[in-house]
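Numbered from 1 within each chain, the chains take letters A, B, ... in sequence-line order.
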Protein chains: 2
Amino acid sequence: MAGKKKSPGVTPPPYHHGDLRQALVQAAVSILEEEGLAALSLRAVARRAGVSHAAPYHHFQDKEALLDAVAAEGFRLQMLDMHNAAQNAAAPINGLQAFGLSYASFARKHPSLFRLMYTHERFTPGTSPELVQWSGAIYPQIIAGVRERTGCSEEEASSIALVLWSTMHGLAMLALDNQLSWPGAKPLDTLAFEVTELLGRVMPERKSPP
Amino acid sequence: MAGKKKSPGVTPPPYHHGDLRQALVQAAVSILEEEGLAALSLRAVARRAGVSHAAPYHHFQDKEALLDAVAAEGFRLQMLDMHNAAQNAAAPINGLQAFGLSYASFARKHPSLFRLMYTHERFTPGTSPELVQWSGAIYPQIIAGVRERTGCSEEEASSIALVLWSTMHGLAMLALDNQLSWPGAKPLDTLAFEVTELLGRVMPERKSPP
DNA sequence: ACCTGAACACCGTTCAAGT
DNA sequence: ACCTGAACACCGTTCAAGT
């Protein structure tokens, strides 16, 4: 019961609510995970954060700006995932497969967030720098991963990374659309595994065999 | 001034309006092409078709059902495109490239329609049979295209077709998201050309060289 | 058989007013 | 500096009523 007065030496909470901006982003993410994209209205986000429906306008210019922040958070999460996959890439046969499986599993674990990240007609001039930065980090990360595992030049690695990214992205998108769900179809993980194996054949040799 | 009375020998127009159902689908397509996905409301569609905002409910159960019909029309158009590309595949180096370029150019020519087709969380049980049929025709068409140009078994062709489809789909999606638009980036057509060329290396030999 | 107009609950956005 | 409540225009959906 020490009370909740501002304790000295701690930076005071920057807003009335605590940090409403961040709370709104988190509320939006929960709605996405629990109820899907269709349920993601500004008013629902405000409701879940426990503020009036007009409150978000003190932190975001409009709904699109909030969605931008949510998408940026999504890209941050995906970067974490990719990073972890690169670390734990002991089991898969090659690094491409580690990446492919991580991409597929992220899409499967966060389908609505994944859709929001890649699907709204965003990335116009005027998109928040935060989103531009986080979303722009994905491709370089893939390129770096490819270079680490091959003796590729920067240019060669860029081409391979683009094929790899496109393929996994398309596979994930089609799977989320249920386009790959005919009777007896293989699950996304299996497809990702097989497809990256096939792609491995166009890759140059590993830089240094173990 | 022969009047517009029903002429004998011609099937009478099935609805008051002419064929309102089809008119609504066409109105929706125009809105998509001219104003984009965000402008596609049921009421706007009705407005453009010149009927009251409640009229669509006599032809579609709800908005989702109308969007399903629009998506089905999109898949029909894409099938036509793919078919034409297969016919005129004289210039490109191989059949994969003909397909890849057609996929990319369709996405570029109809960005909002393409997004609607592949991006809404549709294809649940209860999706209209019309949409299931048209959307389900794409993958077999790609498989057939691959088989025609190679001596592949059905199973082998399915794998190659899946990689091809995923890759082109991902490339198109990422391009529409402006994810492939860094300064000095190549246009989508060029990327599609290069990527399919790279994929060609994993393809078996052509069945019969010219 | 097909269409309309009024009605309802919801949404995005604005703005004067509150602390 | 931050938040609220009322207001406005818009949307999806329903339904009695019109032809």
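Atom NZ of B:Lys63 is separated from atom P of D:dC11 by 9 Å (rounded to the nearest Å). The interatomic distance linking A:Leu24 (CG) with C:dG12 (P) rounds to 13 Å, in whole Å. Atoms CG (B:Leu42) and P (D:dG12) sit 5 Å apart, rounded to a whole Å. Whole-Å rounding puts the B:Leu66 CG to D:dC11 P distance at 14 Å. Between the CZ atom of A:Phe60 and the P atom of C:dT14 there is a distance of 16 Å, rounded to whole Å. Whole-Å rounding puts the B:Tyr57 OH to D:dC11 P distance at 12 Å.
Between A:Ala44 and A:Gln61, the one whose closest nucleotide on DNA chain C sits nearer the 5' end is A:Ala44. Comparing B:Glu64 and B:His58 by the nucleotide of DNA chain D that holds the closest heavy atom to each, the one mapping nearer the 5' end is B:Glu64.
Summarising the geometry, atom CG belonging to B:Leu37 is positioned 8.5 Å from atom OG1 belonging to B:Thr119; distances are rounded to the nearest 0.5 Å. To the nearest 0.5 Å, atoms CZ (A:Arg43) and OG (A:Ser52) are separated by 9.5 Å.
For D:dT19, the paired nucleotide is C:dA1, the pair qualifying as Watson-Crick or G-U wobble because both relevant distances are below 3.5 Å. Pairing partner, C:dC8: D:dG12, with both Watson-Crick or wobble hydrogen-bond distances short of 3.5 Å.
At most 12 non-hydrogen atoms from other residues, nucleotides or ligands lie less than 6.0 angstrom from CD of A:Gln61. Surrounding CD of A:Glu34 are more than 12 heavy atoms belonging to other residues, nucleotides or ligands, all under 6.0 Å away.
Using a 4.0 Å cut-off between charged nitrogen and carboxylate oxygen, A:Arg21 and A:Glu130 count as a salt-bridge pair.
Residue B:His53 places no side-chain N or O under 4.0 Å from the OP1 or OP2 atom of C:dA6. The side chain of B:Arg47 places an N or O atom within less than 4.0 Å of a non-bridging phosphate oxygen (OP1 or OP2) of D:dC11.
Out of C:dG5, D:dG12, C:dC15, the shortest distance to the side chain of B:Ala54 is found at C:dG5. Comparing C:dT4, C:dC11, D:dG5 by their nearest atom to the side chain of A:Arg43 picks out C:dC11. Here the nucleotide nearest the side chain of A:Val51, chosen from D:dT13, D:dT4, C:dC11, is D:dT4. Of the candidates D:dC3, C:dT4, C:dG12, D:dC3 carries the atom nearest the A:His59 side chain, counting heavy atoms from C-beta on.
Residue B:Ser52 is classed as a base contact, given a heavy-atom separation below 4.0 Å to a base.
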